[in-house]
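I have placed the structure first, in the form of structure tokens, so that the comments after it can refer back to it.
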2 protein chains.
Amino acid sequence: MNDDAMDLRTRNKRATRDAISNAALRLAIEQGPSGLALVRVHDIASAAGVSPRTYNNYFSSREEAICALQADQAGRAGRALRARPAGEPLEQAVVAAMVELYTDPEPDRAGLRMIMSTPELEGEALKAFTMAEGPLAEAIAARTGADPERDLFPAVTAASVAGAIRVAGRHWLAPGNTDSFAAVLTRALSCVFPATHPS
Amino acid sequence: MNDDAMDLRTRNKRATRDAISNAALRLAIEQGPSGLALVRVHDIASAAGVSPRTYNNYFSSREEAICALQADQAGRAGRALRARPAGEPLEQAVVAAMVELYTDPEPDRAGLRMIMSTPELEGEALKAFTMAEGPLAEAIAARTGADPERDLFPAVTAASVAGAIRVAGRHWLAPGNTDSFAAVLTRALSCVFPATHPS
DNA sequence: CCACAAACTTGCGTGCCACGCATCAAGTGC
DNA sequence: GCACTTGATGCGTGGCACGCAAGTTTGTGG
């Protein structure tokens, strides 16, 4: 995962990929939610210093490029949960893992708002979130000892956690909100685990 | 909602819309998950007996057309919950409403499998599901008396319910499963409400 | 240090698609 | 029956995804 751990080829690939994704997100934010159609592939490619054909080697749609960072982050959810100490209760582990994952760094308000207020982008982000549910469910199953094949609890809980994160994002973006994302996220996740709630 | 309740124009519109959507889903199923790209707009339109331009007046992508039925059904979730008797406890009301919504009729295995095993379609279906969460959250808030603006419980629960329905669908489709969808759905939803679990 | 192989980037061409616009036909209210 | 509304269709335009075949950069063995 560290840059030094990969060879030059892989590092360059990641660099161009990130460049394209960042350029796409930046341009999308500039145009705003209603002007997504104005963000042309040509613009993204030239902003990233790459040819349109190369852009297409990495992403097969503008939505995918714009949401790539968000998608990558969501994809780390399973690993984040597994990184928690084994003895930790499920709720604590999930909350700690997700808070850690989504507060380093604090999400970018403009980017998140862009994605969550644009139907096409929301669909793409949702897809990324859902792809992350599988590993997350496996991590939950590993922690609770449940059989992922017969017991629905791990998968449902993973979906609920993903849903809570989305709700937290929406609420955090709401006008007049002053709480940190970590605080909102913790509150949202506490709604998922009422049975194990301490009080 | 009844055909007789609308004028001719509206009925025709719904008829062509349904025709296009059904044709799209049927053709998609014929080609299978891997051959989605082979389902051309021209084919959908001619199968539905309309011009390609008319297809485009109703849907702006093949994915949207294929998932339209699924989307319409999900959109009725909020109404279904509100239709439950007011005094009924939340869990019972949710389970009853969702079981009623999703067992009349029993979902089509081929269609559901097609949608859930094709990334592009899954994204579209996810978007539809998420659109339905808003009304569902409002219905939950109305039933529990929570303030949707300040309390995250209704939105998180709505997202969890939607997630549970997705998980139930996936599990129901799994090879070797013999349970009815209603049974799987009830099991999945019970994971969302552990606090009020009877046992 | 050098050549060779693997992999990435790029330009070009093709087929498909979304959508604006103008026109035609069907339905509706008076 | 007539003017009006609204949906259906044809046509043209701009844009996009992707296969293909160079050209270029990077990693490796001699």
Side-chain angles (χ1 to χ4, degrees), chain A residues 3-25 27-28 31 33-68 71 118-121 123-124 127, chain B residues 3-25 27-28 31 33-68 71 118-121 123-124 127:
Chain A
D3 284 7
D4 315 312
M6 328 186 215
D7 59 357
L8 222 196
R9 277 213 150 95
T10 313
R11 266 184 296 152
N12 282 340
K13 251 183 98 115
R14 269 212 91 78
T16 53
R17 187 188 151 93
D18 287 350
I20 296 172
S21 181
N22 280 314
L25 181 56
L27 292 178
Q31 297 295 332
S34 58
L36 202 170
L38 301 181
V39 179
R40 310 263 187 245
V41 165
H42 175 266
D43 302 331
I44 298 176
S46 63
V50 97
S51 81
R53 188 63 184 82
T54 298
Y55 145 88
N56 190 42
N57 285 341
Y58 286 89
F59 305 105
S60 53
S61 73
R62 288 163 303 173
E63 295 79 14
E64 193 182 340
I66 296 172
C67 298
T118 309
E120 295 100 317
L121 296 182
E124 187 67 32
K127 199 168 64 178
Chain B
D3 283 8
D4 314 311
M6 327 188 219
D7 58 356
L8 223 197
R9 277 214 153 96
T10 313
R11 268 184 295 152
N12 281 341
K13 242 180 105 117
R14 268 213 94 77
T16 53
R17 187 187 151 92
D18 288 349
I20 296 172
S21 180
N22 281 314
L25 182 56
L27 291 179
Q31 296 295 333
S34 58
L36 201 170
L38 301 182
V39 180
R40 311 263 187 245
V41 164
H42 175 265
D43 302 329
I44 299 176
S46 62
V50 297
S51 81
R53 187 63 184 82
T54 298
Y55 145 88
N56 190 29
N57 284 341
Y58 286 90
F59 304 104
S60 54
S61 73
R62 286 163 303 176
E63 295 79 13
E64 194 182 338
I66 295 172
C67 297
T118 309
E120 295 100 318
L121 297 183
E124 188 66 32
K127 200 167 63 176

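Note that this is a predicted model, so its numbers are computed, not measured. A, B, ... follow the sequence lines: proteins, then strands. Residue 1 opens every chain.
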- Query: What pairs with B/Glu120 under side-chain hydrogen bond (donor to acceptor under 3.5 Å, both in side chains), at least two apart in sequence or on another chain?
  - Reply: none
- Contact span of DNA chain D against chain B, any nucleotide atom under 4.0 Å from a heavy atom, 5' to 3', runs D/dT5 to D/dC11
- Task: Go through residues 35-45 of chain A and report each residue with a non-hydrogen atom lying under 4.0 Å from DNA chain D, sorted by number.
- Result: A/Arg40, A/Val41
- Query: Which residues satisfy the side chain to side chain contact (heavy atoms under 4.5 Å, CB included) test with B/Leu121, sequence neighbours excluded?
  - Reply: B/Leu36, B/Glu63, B/Ile66, B/Cys67, B/Met114, B/Ile115, B/Thr118
- Tell me which of A/Lys13 and B/Asn12 sits closer to the 5' end of DNA chain C, going by the nucleotide each one is nearest to. A/Lys13
- What closest approach, in Å, do B/Ser61 and B/Tyr55 show between heavy atoms, and which atom pair accounts for it? C-OH, 3.2 Å
- Listed partners of B/Thr16 passing side-chain hydrogen bond (donor to acceptor under 3.5 Å, both in side chains), at least two apart: B/Tyr58
- Describe, as an angle rounded to 10 degrees, how the axis at the first end of the helix from C/dC1-D/dG30 to C/dC30-D/dG1 is tilted relative to the axis at the last end, five pairs per end. 30°
- Query: Taking atom CZ of B/Arg17 and atom OG1 of B/Thr10, what is their separation to the nearest 0.5 Å?
  - Reply: 13.0 Å
- With sequence neighbours excluded, tell me which residues meet side chain to side chain contact (heavy atoms under 4.5 Å, CB included) with B/Arg53. B/Ser51, B/Asn56, B/Asn57
For residues 42-50 of chain B, run the donor-acceptor check on the side chains, cut-off 3.5 Å, and write out each pair with its distance to 0.1 Å, sequence neighbours left out.
{"residue": "B/Asp43", "atom": "OD2", "partner": "B/Arg40", "partner atom": "N", "Å": "3.4"}
{"residue": "B/Ser46", "atom": "OG", "partner": "B/His42", "partner atom": "O", "Å": "3.1"}
{"residue": "B/Ser46", "atom": "OG", "partner": "B/Asp43", "partner atom": "O", "Å": "3.2"}

- Item | Closest contact, heavy atoms only, A/Gln31 versus A/Gly35 | CB-O, 3.5 Å
- Task: Would you mind telling me which residue lines up with the more 5' stretch of DNA chain D, B/Arg9 or B/Pro52, judged by nearest nucleotide?
- Result: B/Arg9
- Strand-adjacent residues in residues 53-60 of chain B, judged by heavy atoms under 4.0 Å from DNA chain D: B/Arg53, B/Thr54, B/Asn57, B/Tyr58
- Query: What is the 5' to 3' range of DNA chain C, first to last nucleotide, that sits under 4.0 Å from any heavy atom of chain B?
  - Reply: C/dC16 to C/dT28
